[in-house]
Amino acid sequence: MQRIESLENVEIKPVWSVKDFAKRRRLTDIEEARLLQLFGPFATASELLHNVQREPRWR
């Protein structure tokens with residue numbers, strides 16, 4: 001076990017709710033379930049953005 005004396009040099013990463021992310025990005029229920037299974041209820045923004053699979057929107 002390691003004790004941290006100072007948090008000055010620690011990088012804080014934003015953590016998002018997977019359900020909120022799916023709602024904001026208008027993901028399907030299947031994709032939301034896949035992300036929940038992959039990460040659980042919370043994940044970093046980077047993890048979510050790099051693992052989301054979306055259909056391309058053609059004009």
Side-chain angles (χ1 to χ4, degrees):
M1 187 165 165
Q2 182 181 3
R3 184 175 178 168
I4 298 173
E5 296 295 329
S6 175
L7 293 177
E8 292 175 12
N9 297 331
V10 176
E11 181 182 345
I12 298 173
K13 296 180 182 180
V15 176
W16 294 0
S17 164
V18 174
K19 290 188 179 229
D20 288 343
F21 176 82
K23 187 176 181 181
R24 289 182 184 195
R25 297 284 176 158
R26 292 186 232 139
L27 301 178
T28 63
D29 292 338
I30 295 169
E31 183 63 14
E32 180 182 346
R34 189 182 75 78
L35 290 172
L36 282 168
Q37 185 178 16
L38 188 61
F39 297 114
F42 297 98
T44 64
S46 177
E47 290 172 332
L48 290 170
L49 290 170
H50 285 95
N51 285 289
V52 69
Q53 297 174 353
R54 290 195 58 169
E55 296 282 331
R57 291 189 289 169
W58 303 101
R59 294 183 185 198

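Keep in mind that this is a model prediction, so the values were computed, not measured. For the single chain, residues carry numbers from 1 onward in sequence order.
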Please table the atom pairs, donor to acceptor, closer than 3.5 Å between any side-chain atom in residues 13-26 and protein atoms at least two apart or in another chain.
residue: Ser17; atom: OG; partner: Lys19; partner atom: N; Å: 3.4
residue: Ser17; atom: OG; partner: Asp20; partner atom: N; Å: 3.4

Listing, residues 39-52 side-chain donor-acceptor contacts under 3.5 Å, not counting sequence neighbours, or none:
residue: Thr44; atom: OG1; partner: Glu47; partner atom: N; Å: 3.3
residue: Thr44; atom: OG1; partner: Glu47; partner atom: OE1; Å: 3.3
residue: Ser46; atom: OG; partner: His50; partner atom: ND1; Å: 3.3
residue: Glu47; atom: OE1; partner: Thr44; partner atom: N; Å: 3.1
residue: His50; atom: ND1; partner: Ser46; partner atom: O; Å: 2.7
residue: Asn51; atom: ND2; partner: Glu47; partner atom: O; Å: 2.8

Report task. Would you please name every residue forming a side-chain contact (heavy atoms from CB on, under 4.5 Å) with Gln37, sequence neighbours left out? Result -> none
Report task. Over all heavy atoms of both residues, which pair between Gln53 and Glu31 is shortest? Give the atoms and the distance, please. Result -> N-OE2, 3.0 Å
Report summary line: Across all chains, not counting sequence neighbours, the salt bridge (Lys or Arg N to Asp or Glu O under 4.0 Å) partners of Glu32 are none
